[in-house]
Number of protein chains: 2
Amino acid sequence: MVAAPSSQLDLVFAALADPTRRAILARLAQGEATVNDLVAPFDLAQPTISKHLKVLEGAGLVSRGRSAQFRPVRLEAGPLAGVDQWIGGYRQFWAQSHDRLEAYVKTLQAEETSRDAPQDD
Amino acid sequence: MVAAPSSQLDLVFAALADPTRRAILARLAQGEATVNDLVAPFDLAQPTISKHLKVLEGAGLVSRGRSAQFRPVRLEAGPLAGVDQWIGGYRQFWAQSHDRLEAYVKTLQAEETSRDAPQDD
DNA sequence: CCTTAATATAGCCAATTAGCAATATAGCTA
DNA sequence: TAGCTATATTGCTAATTGGCTATATTAAGG
């Protein structure tokens, strides 16, 4: 077992890479839920959902309570703030590519008048 | 192999889950680079980096040019805008308890920044 | 042409992962 | 206590992944 300790971002991005887990988060955005609540909408076995929950918990994206034999799951958005922060460092780059795209569209429109545009891709 | 077509978000999150790939993006935030440029800072073999680049390209996060025997790699931030939008749906959940969160975010950013934040200076 | 440089591809391995069914545990309730 | 319900754990499999070395490809330059 050589495994370097995964950083928080590693765990969070990995957790978010699975559509089932994102759907679970979406459900939790509407409020706390039991495991069975979370199983219901999917065509997946209960242990499978429990496993997904463990991954989400490991990433800090959910926390568990205890109420009788229920272990309510609730959304913890903290790590998403971390992702948001990380992404913030790149915001300028998609603003910029948007500008480039706009410029490109303008070019196409300009060439439209001269009816002879070469394909350059 | 029944594999449902991974959504863009699946691919992007999965690509971002690896610290080497995030570091590559951080490097590309400073400008186009050749594969060798990207190999240099890591203690990884060139084919390993090429594989990472293929993952990033599959997610739409980088694109490749061609110039002699070089295949310059450049950042494509578009997909990050998609992530930003997805995350936007959860912003309210951390806005609520901003105070407690601030320290937490600072902590994990401190951990990550040195490793793979884009340099914007 | 032949060599060198930049990159890609192939093939291998170990670790991880998403899924399942079966079973165990924990806490009500009768 | 017994039984029922909610959830966790175990143990399996197939697929995927990150790493490597060795080799192939592509383009420049002598």
Side-chain angles (χ1 to χ4, degrees), chain A residues 1-7 9-25 27-28 32-59 61-74, chain B residues 1-25 27-28 31-59 61-74 115-116:
Chain A
M1 216 178 54
V2 202
S6 281
S7 80
L9 271 188
D10 288 11
L11 294 173
V12 173
F13 278 129
L16 296 178
D18 186 286
T20 299
R21 286 192 292 259
R22 290 199 307 278
I24 288 175
L25 293 182
R27 165 61 186 81
L28 291 176
E32 223 173 65
T34 69
V35 174
N36 274 340
D37 289 342
L38 296 172
V39 169
F42 300 101
D43 197 23
L44 293 174
Q46 169 261 312
T48 302
I49 298 296
S50 283
K51 213 182 206 174
H52 280 306
L53 289 175
K54 212 146 90 172
V55 173
L56 288 168
E57 195 178 4
L61 285 162
V62 306
S63 62
R64 319 291 310 264
R66 186 185 286 270
S67 161
Q69 67 266 88
F70 304 86
R71 323 285 271 256
V73 187
R74 104 184 70 89
Chain B
M1 216 189 54
V2 199
S6 280
S7 80
Q8 174 86 354
L9 225 38
D10 288 12
L11 295 173
V12 173
F13 278 129
L16 296 178
D18 186 286
T20 299
R21 287 192 292 259
R22 289 199 307 279
I24 289 175
L25 293 182
R27 165 61 185 80
L28 292 176
E32 222 171 68
T34 68
V35 175
N36 274 341
D37 289 342
L38 296 172
V39 168
F42 300 100
D43 196 22
L44 293 174
Q46 169 261 312
T48 301
I49 297 297
S50 284
K51 215 183 207 175
H52 280 307
L53 289 174
K54 210 145 90 171
V55 173
L56 288 168
E57 195 177 5
L61 286 163
V62 306
S63 63
R64 318 292 309 264
R66 186 183 285 273
S67 160
Q69 68 266 88
F70 304 85
R71 309 291 300 275
V73 187
R74 103 184 67 90
R115 204 171 322 165
D116 53 15

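Letters A, B, ... are given to chains in the order of the sequence lines, protein chains preceding strands, and every chain is numbered from 1.
For A/Arg64, there are no salt bridge (Lys or Arg N to Asp or Glu O under 4.0 Å) partners at least two apart in sequence or on another chain. Partners of A/Asp37 according to the side chain to side chain donor-acceptor pair (under 3.5 Å) rule, which considers only residues two or more places apart in sequence or in another chain, are A/Thr34. Partners of A/Gln46 according to the side chain to side chain donor-acceptor pair (under 3.5 Å) rule, which considers only residues two or more places apart in sequence or in another chain, are A/Ser50. Listed by chain and number, the residues in a salt bridge (Lys or Arg N to Asp or Glu O under 4.0 Å) with A/Arg22 are B/Asp10 (sequence neighbours excluded). Take A/Thr48 and apply the side chain to side chain donor-acceptor pair (under 3.5 Å) test, not counting sequence neighbours, and it matches no residue.
Contact annotation: B/Ser50 does not reach the phosphate of C/dT7 (side-chain N/O to OP1 or OP2, under 4.0 Å). Residue A/Asn36 places no side-chain N or O under 4.0 Å from the OP1 or OP2 atom of D/dT5.
Distance, A/Arg64 CZ to C/dG27 P: 14 Å, rounded to whole Å. Atom CG in A/Leu53 sits about 12 Å away from atom P in C/dG19, given to the nearest Å. Rounding to whole angstrom units, CG of residue B/Leu56 and C1' of D/dT17 are separated by 14 Å. Between A/Asp10 atom CG and D/dT17 atom P there is a gap of 16 Å when expressed in whole angstrom units. Between the CZ atom of B/Arg22 and the P atom of D/dG18 there is a distance of 12 Å, rounded to whole Å.
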**OP:** Would you give a per-nucleotide map of nucleotides 19-29 of chain D, 5' to 3', where B means the base has a protein non-hydrogen atom under 4.0 Å away, S means only the sugar-phosphate does, and - means neither?
**Re:** BBBB---SBS-
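Residues A/Val55 and A/Leu61 fail the side-chain proximity criterion, which asks for heavy atoms closer than 4.5 Å.
DNA chain D is contacted by both A/Lys54 and A/Phe70; A/Phe70 maps to the nucleotide lying nearer its 5′ end (nearest heavy atom per residue). In terms of position along DNA chain C, the nucleotide closest to B/Ala33 lies nearer the 5' end than the nucleotide closest to the other residue of the pair A/Val55 and B/Ala33.
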